[in-house]
2 protein chains.
Amino acid sequence: MLQDSLKVLLVKRTSAPFKGRWELPGECVDIELDDNTDMSALRNIKALTAATPQFFEQLQAFSGINRDPRGFSVSLVYYALISPQCIAVKPSAVEEVKWMDLSAIQDLAIAFDHKQIIATARSQLQQKALYSMIPVYCLADQFTIGQLKAAIEAIIAKPIQRKSLIRRVEASGMLEALDEKVKSGGRLAQLYRLKSDTETVYFERSLSFG
Amino acid sequence: MLQDSLKVLLVKRTSAPFKGRWELPGECVDIELDDNTDMSALRNIKALTAATPQFFEQLQAFSGINRDPRGFSVSLVYYALISPQCIAVKPSAVEEVKWMDLSAIQDLAIAFDHKQIIATARSQLQQKALYSMIPVYCLADQFTIGQLKAAIEAIIAKPIQRKSLIRRVEASGMLEALDEKVKSGGRLAQLYRLKSDTETVYFERSLSFG
DNA sequence: TAAATAGTGTCTCTAAGACATTATCGC
DNA sequence: GCGATAATGTCTTAGAGACACTATTTA
């Protein structure tokens, strides 16, 4: 999720190991409830935020003998992008759930190998931000080009050319301009939204790696 | 593996369900032997072929209630590229192990959802062939540009421009020319090999999608 | 010499980078 | 008017596509 900066949803552990530390949300697959692990991951998200993620995909499996002091473990990790409109955390869980700024993760003690998992997810998201329109899924349902530019720059941690972004927006055909403009500190900015039933566009070139 | 055409290593099932059908090799993780699932997958490969794959990575996890008649199951799928020099199947397993032409998979009854898994792997390999030097790992340790071109075209099932490939080979700096040329039906072809300790190069553009 | 494949030269084309220019806004 | 942000215009640049042309081999 993006609001000023990229954020990740963490929960506080209530039992050993790593009691009291923050970790990524997740629990065991419930074969009674979940037809597959995708459904299981989505169920986890909905238990915390009531958000239906606009973007959701499997990251990768993490496994090993050293990642949990209790022994060998395997985690199937998914990541999702959700709109800042949907950040509300379920009241029942407010105490132990928190949106954590990605830049703050660095200096935090995180349970298990979850700091490494977050880094991997971020790296994958950075790559995809360079060659796809995926960053639009971090935004509210109405947004300006300037906000999209800020989202991409937050993800890749580098500035991009506004002109290049506008060319991509036009080429993608994913967005439609609304009959509305919005204040932005200077000239009014055109509002856009996702066209309905549009598919995520992937480009054949990446933006510059610097 | 590539020899004339892309091939995938299959084993014949010796027990129900799907007894007698071909499937992808794989077995349960052995916590005694495997520090993580990567090692487990490599152990599986070595049990069949004695090859050390030049390229090896996790594809994704497949899971669900319907993919195995015995109930809910999860498979962590890896794929590897190995040189045609290493295709020898361990003698102990010759009966039940086979390199199957990818184009022949279509009309074959494959166990479980493994046909779908193969399709997913192929699709991922196709994408990577368009923006990376990964196809070099399908080849023997000495090869010509023409062979590399054939490998890429076998993977993506489309012709590419020889000139574009040469530009990429030069830009990548991954290969070195040997003091040797080889017959090819016309003018002798320059032999290349991977430089030692070279890293796989990824490009910022994909070759055309057609 | 012809056919085949290897390798080069070079023009075009596309889309990103860079950055100037114009258009609006609030103050 | 001034500073700030939005939007456009346009020249440059990198690298792929296309394809002609040359080089070298075998038949």
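Here the structure is a predicted model, which is why all the values come from computation and not from measurement. In the text below, chain A, chain B and the rest are named by the order of the sequence lines, each starting its count at 1.
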Basic-acidic side-chain contact under 4.0 Å: B:Asp113, B:Arg67: yes
Side-chain N or O of B:Ser208 versus OP1/OP2 of D:dG17: is the shortest distance under 4.0 Å? yes
Please determine whether a side-chain nitrogen of the Lys or Arg among A:Lys128 and A:Glu57 lies less than 4.0 Å from a carboxylate oxygen of the Asp or Glu. yes
Please give, in whole Å, the distance from D:dA16 C1' to B:Ile156 CD1? 13 Å
Between the side chain of A:Tyr202 and the main-chain N/O of A:Tyr131, is any donor-acceptor distance below 3.5 Å? no
C:dG7, D:dA7, D:dA16: which one has an atom nearest the side-chain heavy atoms of B:Arg187? C:dG7
Once you round it to whole Å, what is the distance between C1' of C:dA18 and NZ of A:Lys158? 17 Å
So does B:Gln147 get a backbone contact from the side chain of B:Thr144, meaning a donor-acceptor N/O pair under 3.5 Å? yes
Under a 4.0 Å N-O cut-off, is there an ion pair linking B:Glu27 with B:Arg43? yes
Within this structure, what is the CG-to-P distance between A:Leu130 and C:dA16, rounded to whole angstrom? 12 Å
Just how far, in rounded Å, is C1' of D:dT5 from CD of A:Gln190? 15 Å
Euclidean distance, atom CD of residue A:Gln147 to atom P of D:dA7 [Å, nearest integer]: 11 Å
Rounding to an integer number of Å, can you tell me how far B:Ile160 CD1 sits from D:dG17 P? 8 Å
Taking atom C1' of D:dT8 as reference, at what distance in whole Å does atom CD1 of A:Ile145 sit? 13 Å
With a 6.0 Å cut-off on the ring centroids, do B:Tyr192 and B:Phe143 count as close? no
Donor-acceptor under 3.5 Å (B:His114 side chain, B:Glu23 main chain): no
Is there a donor N/O on one and an acceptor N/O on the other, under 3.5 Å, for the side chain of B:Arg205 and the base of D:dA14? yes
Please report, rounded to the nearest Å, how far the P atom of C:dG17 is from the CD atom of A:Glu153. 12 Å
Which of residues 161-183 of chain A sit near DNA chain D, with a heavy atom under 4.0 Å from it? A:Arg162, A:Lys163, A:Ile166, A:Arg167
